[in-house]
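Worksheet: the structure to be examined is printed underneath.
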Amino acid sequence: ILEKIKQKKFVVKCIKGKSKEIVEKYFKEWLKVKELVCEEGCNDDNDDDGDIIVIMDNVDRLKKAISKVDSRPTPIIFTTTLANHGRIADIVDKLQKEVEEVQGVKRKRRKVVILTRPCGPRKLEKAIVSVFSNQKEEEENEENKKNGNSPKLIMTPPISDNDDNSKDY
(Lines give C-alpha, C1' and ligand atoms only; values in the text may rest on other atoms or scores of the structure.)
Protein backbone atom coordinates (compact mmCIF):
# COMPACT_ATOMS: atom_id res chain seq x y z
CA ILE A 1 0.00 0.00 0.00
CA LEU A 2 2.80 2.42 0.84
CA GLU A 3 4.33 1.99 -2.62
CA LYS A 4 0.95 2.80 -4.22
CA ILE A 5 0.61 5.85 -1.98
CA LYS A 6 3.88 7.26 -3.28
CA GLN A 7 2.35 7.38 -6.78
CA LYS A 8 -0.75 9.34 -5.69
CA LYS A 9 -1.31 13.07 -6.06
CA PHE A 10 -1.98 14.81 -2.74
CA VAL A 11 -3.62 18.23 -2.51
CA VAL A 12 -3.29 19.99 0.86
CA LYS A 13 -5.72 22.88 1.26
CA CYS A 14 -5.75 25.82 3.69
CA ILE A 15 -2.16 25.63 4.83
CA LYS A 16 0.41 28.37 5.32
CA GLY A 17 3.54 29.37 7.20
CA LYS A 18 5.38 26.90 9.39
CA SER A 19 2.58 24.33 9.04
CA LYS A 20 3.12 24.27 5.29
CA GLU A 21 6.83 23.58 5.76
CA ILE A 22 6.12 20.75 8.19
CA VAL A 23 3.46 19.14 6.01
CA GLU A 24 5.69 19.35 2.93
CA LYS A 25 8.47 17.66 4.91
CA TYR A 26 6.12 14.88 6.10
CA PHE A 27 4.86 14.16 2.60
CA LYS A 28 8.13 14.51 0.70
CA GLU A 29 10.66 13.12 3.18
CA TRP A 30 8.60 10.68 5.26
CA LEU A 31 6.03 9.36 2.77
CA LYS A 32 8.16 10.17 -0.30
CA VAL A 33 5.17 11.15 -2.44
CA LYS A 34 5.94 12.21 -6.00
CA GLU A 35 3.23 14.84 -6.39
CA LEU A 36 2.20 17.29 -3.67
CA VAL A 37 0.21 20.49 -4.14
CA CYS A 38 -0.08 22.86 -1.16
CA GLU A 39 -2.72 25.57 -1.48
CA GLU A 40 -2.28 28.44 0.95
CA GLY A 41 -5.62 30.14 0.37
CA CYS A 42 -8.88 28.68 1.58
CA ASN A 43 -11.18 30.70 -0.64
CA ASP A 44 -9.67 29.89 -4.01
CA ASP A 45 -11.78 27.94 -6.46
CA ASN A 46 -9.07 25.51 -7.53
CA ASP A 47 -10.89 22.26 -8.18
CA ASP A 48 -7.73 20.20 -8.52
CA ASP A 49 -8.42 17.48 -5.98
CA GLY A 50 -5.76 14.96 -6.95
CA ASP A 51 -6.14 11.45 -5.54
CA ILE A 52 -6.64 12.60 -1.97
CA ILE A 53 -7.47 15.94 -0.35
CA VAL A 54 -6.01 17.01 2.99
CA ILE A 55 -7.83 19.96 4.56
CA MET A 56 -6.25 21.77 7.47
CA ASP A 57 -9.00 22.70 9.96
CA ASN A 58 -11.24 24.74 7.66
CA VAL A 59 -14.88 23.67 7.98
CA ASP A 60 -16.05 25.80 5.03
CA ARG A 61 -13.52 24.12 2.74
CA LEU A 62 -14.59 20.71 4.08
CA LYS A 63 -18.24 21.51 3.34
CA LYS A 64 -17.36 22.64 -0.18
CA ALA A 65 -15.35 19.48 -0.85
CA ILE A 66 -18.07 17.13 0.44
CA SER A 67 -20.81 18.98 -1.47
CA LYS A 68 -18.90 18.76 -4.74
CA VAL A 69 -20.47 16.13 -6.98
CA ASP A 70 -17.83 14.01 -8.67
CA SER A 71 -17.97 10.86 -10.71
CA ARG A 72 -15.07 9.73 -8.49
CA PRO A 73 -15.49 11.01 -4.93
CA THR A 74 -11.98 11.94 -3.83
CA PRO A 75 -11.22 10.88 -0.24
CA ILE A 76 -10.62 13.60 2.34
CA ILE A 77 -8.39 13.77 5.40
CA PHE A 78 -9.50 16.61 7.67
CA THR A 79 -7.30 17.77 10.55
CA THR A 80 -8.84 19.26 13.67
CA THR A 81 -8.51 19.31 17.43
CA LEU A 82 -9.74 16.50 19.64
CA ALA A 83 -12.33 18.87 21.13
CA ASN A 84 -13.89 19.48 17.68
CA HIS A 85 -13.88 15.95 16.28
CA GLY A 86 -17.45 15.11 17.32
CA ARG A 87 -18.85 18.28 15.80
CA ILE A 88 -16.89 17.68 12.57
CA ALA A 89 -18.09 14.06 12.37
CA ASP A 90 -21.70 15.29 12.71
CA ILE A 91 -21.17 17.92 9.99
CA VAL A 92 -19.69 15.32 7.63
CA ASP A 93 -22.53 12.86 8.20
CA LYS A 94 -25.20 15.55 7.77
CA LEU A 95 -23.62 16.90 4.57
CA GLN A 96 -23.25 13.43 3.05
CA LYS A 97 -26.96 12.80 3.69
CA GLU A 98 -27.95 16.21 2.27
CA VAL A 99 -25.99 15.60 -0.92
CA GLU A 100 -27.79 12.27 -1.39
CA GLU A 101 -31.21 13.87 -0.77
CA VAL A 102 -30.62 16.76 -3.18
CA GLN A 103 -29.51 14.45 -5.95
CA GLY A 104 -32.29 11.99 -5.21
CA VAL A 105 -29.88 9.17 -5.97
CA LYS A 106 -27.95 7.10 -3.47
CA ARG A 107 -24.31 7.52 -4.41
CA LYS A 108 -21.12 6.22 -2.94
CA ARG A 109 -20.16 8.51 -0.10
CA ARG A 110 -16.90 10.35 -0.08
CA LYS A 111 -14.50 8.76 2.40
CA VAL A 112 -13.59 11.23 5.16
CA VAL A 113 -10.94 10.59 7.80
CA ILE A 114 -10.82 13.00 10.72
CA LEU A 115 -7.26 13.33 11.98
CA THR A 116 -6.78 15.01 15.34
CA ARG A 117 -3.82 17.19 16.18
CA PRO A 118 -1.14 16.99 17.32
CA CYS A 119 -0.18 14.89 14.35
CA GLY A 120 3.21 13.46 13.46
CA PRO A 121 4.29 11.64 10.33
CA ARG A 122 3.29 8.16 11.60
CA LYS A 123 -0.23 9.31 12.41
CA LEU A 124 -0.54 11.02 9.03
CA GLU A 125 0.71 7.84 7.36
CA LYS A 126 -1.87 5.78 9.26
CA ALA A 127 -4.66 8.10 8.08
CA ILE A 128 -3.50 7.88 4.46
CA VAL A 129 -3.15 4.11 4.59
CA SER A 130 -6.66 3.81 6.07
CA VAL A 131 -8.05 5.73 3.09
CA PHE A 132 -6.59 3.29 0.57
CA SER A 133 -6.58 0.00 2.48
CA ASN A 134 -10.24 -0.53 3.35
CA GLN A 135 -11.61 -1.13 -0.14
CA LYS A 136 -12.19 -4.87 0.33
CA GLU A 137 -13.64 -4.28 3.80
CA GLU A 138 -15.97 -1.63 2.38
CA GLU A 139 -17.28 -4.01 -0.26
CA GLU A 140 -17.98 -6.66 2.37
CA ASN A 141 -19.75 -4.16 4.62
CA GLU A 142 -21.70 -2.38 1.87
CA GLU A 143 -24.99 -3.85 3.08
CA ASN A 144 -24.29 -2.70 6.65
CA LYS A 145 -23.39 0.81 5.54
CA LYS A 146 -26.59 1.65 3.68
CA ASN A 147 -27.59 3.81 6.62
CA GLY A 148 -24.40 5.83 6.33
CA ASN A 149 -20.65 5.71 5.94
CA SER A 150 -19.58 7.74 8.93
CA PRO A 151 -16.19 9.42 8.96
CA LYS A 152 -13.27 7.59 10.48
CA LEU A 153 -11.51 9.26 13.37
CA ILE A 154 -7.80 8.90 14.06
CA MET A 155 -6.88 10.68 17.26
CA THR A 156 -4.34 11.39 19.94
CA PRO A 157 -4.29 10.71 22.84
CA PRO A 158 -5.85 7.24 22.88
CA ILE A 159 -9.20 6.87 24.62
CA SER A 160 -7.94 3.96 26.72
CA ASP A 161 -4.82 1.89 27.20
CA ASN A 162 -6.15 -0.74 24.77
CA ASP A 163 -7.04 1.78 22.06
CA ASP A 164 -5.14 1.74 18.76
CA ASN A 165 -5.84 5.47 18.19
CA SER A 166 -8.57 4.87 15.62
CA LYS A 167 -12.31 4.63 15.93
CA ASP A 168 -15.05 4.41 13.35
CA TYR A 169 -17.80 6.92 14.01
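The analysis underlying the following values was restricted to heavy atoms, covering all of them including side chains, and did not include hydrogens, waters or symmetry mates.
Lys123 and Thr116 form a side-chain donor-acceptor contact under 3.5 Å, judged by distance and modelled atom types alone.
Salt-bridge check for Asp60 with Lys64: failed, with every basic side-chain N at 4.0 Å or more from each acidic carboxylate O. Glu40 and Lys20 are joined by a salt bridge, as a carboxylate oxygen and a charged side-chain nitrogen come within less than 4.0 angstrom of each other. The pair Lys6-Glu3 counts as a salt bridge, with a side-chain nitrogen and a carboxylate oxygen less than 4.0 angstrom apart.
Taking all atoms of both residues into account, the shortest heavy-atom contact from Ala65 to Ile76 is CB-CD1, 3.7 Å. Tyr26 and Gly120 make their closest contact through OH-CA, 3.5 Å (heavy atoms, listed as atom of the first residue, atom of the second, distance). Taking each heavy atom of Val113 and Ser130 in turn, the nearest pair found is CG2-OG, 3.7 Å.
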Next on the checklist: Show, in sequence, the C-alpha distance, side-chain angles and deciding distance for Arg122 and Trp30, and conclude whether the side chain to side chain contact (heavy atoms under 4.5 Å, CB included) test is met.
Outcome noted: CA-CA 9 Å; Arg122 288 196 188 273; Trp30 183 269; 3.5 Å; yes
Checklist entry - Do Val54 and Val11 pass the side chain to side chain contact (heavy atoms under 4.5 Å, CB included) test, and can you show the C-alpha distance, the side-chain angles, and the key distance before you say yes or no? => result CA-CA 6 Å; Val54 181; Val11 177; over 6 Å; no
Checklist entry - Could you go step by step and tell me if Val92 and Gln96 meet the side chain to side chain contact (heavy atoms under 4.5 Å, CB included) rule? => result CA-CA 6 Å; Val92 169; Gln96 299 259 36; 4.1 Å; yes
Item to check | side chain to side chain contact (heavy atoms under 4.5 Å, CB included) assessment of Leu62 paired with Ile88 | outcome: CA-CA 9 Å; Leu62 175 66; Ile88 299 300; 3.9 Å; yes
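Inter-residue side-chain proximity for Val59 and Lys63 is flagged as met; some heavy-atom pair is nearer than 4.5 Å. Proximity of Phe27 to Val12: side-chain heavy atoms (C-beta onward) are separated by under 4.5 Å at one or more points. Looking only at side-chain heavy atoms (C-beta outward), Thr79 and Ile55 stay at 4.5 Å or farther from each other.
Put simply, CE on Met56 and CD1 on Ile15 are 4.0 Å apart, with the number rounded to the nearest 0.5 Å. Here the straight-line distance linking atom NZ of Lys126 with atom SG of Cys119 works out to 11.5 Å at 0.5 Å rounding. Summarising the geometry, atom CG belonging to Leu31 is positioned 10.0 Å from atom CG belonging to Leu36; distances are rounded to the nearest 0.5 Å. Distance CD1/Ile53 to CD/Glu39: 9.0 Å, rounded to 0.5 Å. Atom CD of Glu98 is separated from atom CG of Leu95 by 5.5 Å, given to the nearest 0.5 angstrom. To the nearest 0.5 angstrom, Lys34 atom NZ is 15.0 Å from Lys9 atom NZ.
At distances below 3.5 Å, not a single donor-acceptor pair connects side-chain atoms of Arg117 with backbone N or O atoms of Leu82. Looking only at distances, a side-chain donor or acceptor of Arg110 sits under 3.5 Å from a matching main-chain atom of Thr74.
Between Phe132 and Phe10, the ring-plane angle classifies as perpendicular under the 30° and 60° cut-offs.
The salt bridge (charged side-chain N to carboxylate O under 4.0 Å, His left out) search around Glu21 returns Lys18, not counting sequence neighbours.
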